[in-house]
Structure formats: C-alpha cells, structure tokens
There are 2 protein chains.
Amino acid sequence: MVKQLSKHSISEELKELLSSVDHVQKIEKNRFLFQEGEDADQMYIIQSGRIQISKISPDGRELSLRICQKGDIIGELTLFTDDATYLLNAKVLEDAEVAVIKKDYLERELLTNTELAFEYMKWMSEHFRKTQTKFRDLVLHGKKGALYSTLIRLTNSYGIKRPDDILIDIALTNQELANFCGTSRESVNRMLSDLKRKEVLELDKNKNKIIIKDLQYLKDEINCENCPIVLCSID
Amino acid sequence: MVKQLSKHSISEELKELLSSVDHVQKIEKNRFLFQEGEDADQMYIIQSGRIQISKISPDGRELSLRICQKGDIIGELTLFTDDATYLLNAKVLEDAEVAVIKKDYLERELLTNTELAFEYMKWMSEHFRKTQTKFRDLVLHGKKGALYSTLIRLTNSYGIKRPDDILIDIALTNQELANFCGTSRESVNRMLSDLKRKEVLELDKNKNKIIIKDLQYLKDEINCENCPIVLCSID
DNA sequence: GTGACGGTGTGACTTTTATCACACCATTAT
DNA sequence: ATAATGGTGTGATAAAAGTCACACCGTCAC
C-alpha cells in the first residue's frame with residue numbers, strides 16, 4: 001500500500017488542547033475562509049480538505065505561501081495583534097471542515113494554561129523556522145531555485161511514495177505553481193518541460209499531477225542541506 | 001535635536017522578565033557571536049552595539065536577514081528545537097554587549113511563568129509577521145523591489161529624521177546591501193546611482209551612509225500599503 | 001455536435017539581472 | 001612615499017526571466 005510522506009508535526013497534545021473549539025465550520029471549494037483586510041477574531045484548525053494561504057498584491061499578482069490540510073493551523077497571524085485584520089487570503093482548494101477557535105478565547109486560555117502555551121510556542125517556533133527556510137530558497141537561487149524548492153516541499157507534504165517514483169497528490173496548474181515561486185506561468189511551464197526532458201519528473205497528464213522521478217536532482221540544484229523534513233514542507 | 005524613528009516593540013515587561021540573564025558578554029566588531037552549525041544553547045538580548053544575522057549558502061553567497069541593535073533578541077530560533085545548532089550567523093558590526101540567556105533555563109522559565117510566556121508569544125508573533133512581510137517584498141517586486149524594501153526598512157530602523165531628509169545612520173557597503181536583497185554588488189550600485197539621479201536619495205560620501213530624500217517614491221514603487229511601522233523594519 | 005472556456009506549450013522579443021573587466025579613488029600599512 | 005587593500009562606478013556582454021502572441025487540446029454546457 002502506498003504511504004504518504006508528510007509528517008505533520010503538530011503534537012497530539014496541542015491538538016488535544018486546542019480542541020476546546022468553538023464550533024466546526026464546513027466550507028466548499030473555491031470559497032474563501034477569510035480574505036485580506038477582513039476583521040480577524042478567530043483561528044482555525046483544518047479537519048479535512050485543503051486550504052491555500054496567499055497574499056494578493058495591489059497590482060493583482062498573487063504570492064502563495066502555504067497549502068494546508070488536516071491538522072494544520074491557519075489564521076495564526078491574527079493572534080497577539082491589536083490590528084485585528086487578516087493579512088492573507090485563505091482559499092479552499094478542496095471542500096473543507098475547519099475547527100474554529102475564537103482568538104480572544106485562545107489568548108485567555110494561553111494565559112492560564114501553561115502547557116498549552118508551551119506547546120503553542122513550540123509549534124510557532126517550528127512554523128517560523130519553516131517559513132524562513134522556504135523564503136531563503138526563494139530568494140537565494142533565482143526562479144529556478146524557487147520552483148525546485150517548491151517541488152521538494154510539495155513532495156514532502158503531499159508526496160505518495162510508489163515503487164519507482166513519488167506522486168505529488170495534489171492538482172496544481174502551472175499558474176498556481178508560479179504563484180508559489182513569484183514567477184510567471186510561462187517560466188514555470190518551460191522549467192517543467194526542461195525537467196521532463198531531463199527525466200527528473202513526469203506529468204500525470206489527465207490529472208494535473210506531478211510525478212517526481214529524481215528528487216535528488218532538485219535537491220542538488222539548490223544546495224539542499226537535507227534539513228529536517230519537518231522544516232521542508234509547503235504548509 | 002534629531003530623533004531616531006525606530007520604535008522597538010519589545011515590551012518593557014518582556015525585557016524585565018528576560019532580565020534574569022545568565023551573564024553579560026562583550027564582543028567586538030567583526031567577530032561572530034555564533035555561526036551556523038555551532039551548538040546552540042543560548043539566546044541573546046543586545047544591550048549595545050549592532051549585530052547582523054545572515055545565512056551563508058554552501059556556494060558562498062550570503063543572505064542577510066536582520067541587523068539588530070539594543071533591545072533586539074537574537075538566537076531565538078534555537079528555542080524549542082531538539083536539533084540544537086544555530087541555523088544562522090551572527091556577525092558583530094559594531095562592538096557589542098549582549099545579555100546571555102540559557103536556552104534550557106528560559107524554556108523552563110516559560111513553562112512556569114505565564115506572563116513571561118505570554119509576552120514571549122506576543123513578541124514571536126510580531127517577529128513572524130515582520131519576517132514574512134519582509135520576504136514578501138523580496139520575492140514579489142524583483143530585485144529593485146528588494147532594494148527599495150530594504151531601504152525603507154533601514155529607514156524605519158536606523159533613520160534619523162532631519163529637517164529636509166532622513167539619514168540612515170548605519171554604514172553599509174554596496175555588497176552588504178546586495179546581501180540583503182539577494183542580488184549583486186553591481187546591480188545595487190547601479191540602482192543606487194539611478195535613485196541618486198532621480199533625487200530620491202543621496203550618498204553621504206565619506207561616511208558610507210545613505211540619506212533618503214523621497215521615501216514616498218520608494219514606497220510607491222513597491223506598492224507599500226503603509227503597514228504598521230513596527231512590521232516594516234530590518235530587525 | 002459545437003462553441004466557450006481554461007489550461008498547456010512554444011516561438012519571438014524585451015527587460016532585467018548577473019558576470020567580467022577594469023579604472024579609479026580613499027585609507028592604511030610598511 | 002609607495003604599495004596594498006577594499007570599496008566604488010561603469011561599460012560590455014551574457015544569461016535569466018518576463019511578456020506577448022497564438023496554436024492547440026480537453027471538458028463542459030447547451
């Protein structure tokens with residue numbers, strides 16, 4: 001049987017503790033859980049489905065930051081800030097259920113529940129390291145590096161190991177990939193064609209999914225230092 | 001009298017609480033407080049001087065992330081991780097004194113002292129938002145955007161308001177600026193010449209410092225949304 | 001079926017950015 | 001005083017990336 005690579009690092013305890021949720025909300029594909037500028041008074045934990053976090057710049061360009069699934073926390077940036085509006089957009093990629101946690105409730109909880117606070121700090125810390133290494137790749141190795149890094153992260157988060165290759169089990173258009181890299185659709189398309197030619201990957205045509213055949217090639221190209229896999233994911 | 005723009009957001013309480021320091025360490029210019037890969041078991045709060053945080057990639061290129069001064073916390077990434085080595089380098093730009101806080105001591109403290117934990121979470125949260133907006137600028141508007149964003153942040157952190165302009169009171173070479181932008185020395189040099197020609201800034205020749213004459217121009221070019229100044233700094 | 005739609009793939013061209021090379025200061029060391 | 005050093009400024013050229021244009025291909029609605 002196939003096995004998903006991704007290791008979700010949010011601890012059982014944290015999930016447990018956070019489970020004092022206000023309620024659970026269902027939301028369907030292509031809708032927004034929240035959008036930039038909206039009043040922000042809650043945080044979410046995904047129960048099912050997939051949600052993409054992105055920033056849209058005034059000139060219309062979109063920068064995608066994460067794709068999140070079961071167990072991931074989103075809306076976390078609203079915590080501990082007085083300027084309580086969302087800074088990012090959360091678009092639902094696949095019908096989702098999210099557990100809603102009220103911001104002020106959680107803040108109060110964190111003030112009294114030491115263990116929760118500790119677990120939360122731990123999560124935040126890891127989340128920070130993850131974000132920073134991600135951006136580092138984006139800046140340091142040009143657009144090619146940005147794409148390769150994104151592919152590696154997608155593999156770690158959504159890869160399904162198969163005998164001879166790894167299927168990235170999430171359908172993304174070239175444009176969506178480009179948004180992760182801060183580049184253009186055409187550039188991504190050309191780079192993917194290139195990688196196909198080099199037999200680094202294949203495209204599962206009718207399903208819009210990518211199959212990685214030579215992960216090491218991608219890693220070598222961006223001087224991947226084989227950081228802990230938990231730091232090298234897309235969520 | 002001139003006035004420094006920078007608002008350091010680390011709360012008095014946090015400084016107070018963190019002040020249960022192990023000891024204070026002096027370290028002089030051009031030395032490293034810590035380097036990538038070294039064992040990490042302490043965190044620092046800068047008392048005086050300036051320290052630059054950067055990542056050096058295996059191929060020798062350097063990406064600068066922050067320049068920190070009095071009141072700033074560094075080495076914070078080592079907290080809550082088992083892989084206890086530093087991920088970044090901390091180079092002393094100007095002779096410094098740092099308060100040393102032992103990692104395991106602080107972790108234990110955070111587990112018992114709720115108020116400290118709360119303040120620390122607050123700081124971390126803001127630090128995270130700051131880092132994210134910084135990288136966003138770097139990725140979204142090309143190298144020019146990266147430089148402009150860096151200049152704006154330097155202005156916010158190290159700018160001294162004067163009658164007709166703002167002096168960025170820190171000496172940086174073109175190469176050092178380039179390291180913040182993930183670009184080349186020559187590119188930075190050309191872009192600066194350009195800005196000089198457009199009368200957006202001036203170079204204080206003999207002191208290697210930059211004088212901003214038209215901050216708004218820089219902001220307009222990168223679609224600055226005038227986020228809270230505390231988020232838009234270089235530290 | 002067929003037409004609209006959203007996505008891919010690619011050529012041609014432009015703009016941006018990097019790289020190489022070298023002249024030209026200041027400053028510092030000898 | 002002179003040489004070495006480290007930084008700046010700039011031209012020439014090459015490489016990377018973006019933009020525009022358009023053909024092509026499935027899928028879906030009607």
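A, B, ... follow the sequence lines: proteins, then strands. Residue 1 opens every chain.
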Any carboxylate oxygen within less than 4.0 angstrom of a Lys/Arg side-chain nitrogen, looking at A:Glu76 and A:Arg66? yes
Between B:Lys26 and B:Glu97, does any side-chain N to carboxylate O distance fall below 4.0 Å? yes
Which of residues 187-199 of chain A have a heavy atom under 4.0 Å from DNA chain C? A:Asn189, A:Arg190, A:Ser193, A:Lys196
Determine whether a donor-acceptor pair (one donor, one acceptor, N or O, separation below 3.5 Å) exists between the side chain of A:Arg185 and the base of D:dG18. no
Just to be sure I understand the rule, does B:Gly182 reach a base, reach only the sugar-phosphate, or reach nothing, if contact means heavy atoms closer than 4.0 Å? sugar-phosphate
Is the distance from OP1 or OP2 of D:dG6 to the nearest side-chain N or O of B:Thr173 less than 4.0 Å? no
Does either side chain, that of A:Thr81 or that of A:Asp83, offer a donor lying less than 3.5 Å from an acceptor on the other one? no
Distance, rounded to the nearest Å, where B:His141 contributes NE2 and C:dT17 contributes P: 13 Å
Between D:dC22 atom P and A:Glu186 atom CD, what is the distance in whole Å? 14 Å
Rounded to whole Å, NZ of B:Lys143 lies from P of C:dT19 at a distance of 10 Å
Output the rounded distance in Å from CD (A:Glu176) to P (C:dG7). 8 Å
note: A:Asn208, atom CG; D:dC25, atom C1'; distance rounded to Å ~ 13 Å
Within this structure, what is the CG-to-P distance between B:Asn174 and C:dA18, rounded to whole angstrom? 14 Å
Contact list for residues 179-193 of chain B, test salt bridge (Lys or Arg N to Asp or Glu O under 4.0 Å), sequence neighbours left out: none
Enumerate the residue pairs fulfilling salt bridge (Lys or Arg N to Asp or Glu O under 4.0 Å) with a member in residues 139-155 of chain B, sequence neighbours excluded, ordered by first and then second residue. B:Asp137-B:Arg153
Sidechain N-carboxylate O distance under 4.0 Å for B:Glu225, A:Lys55: yes
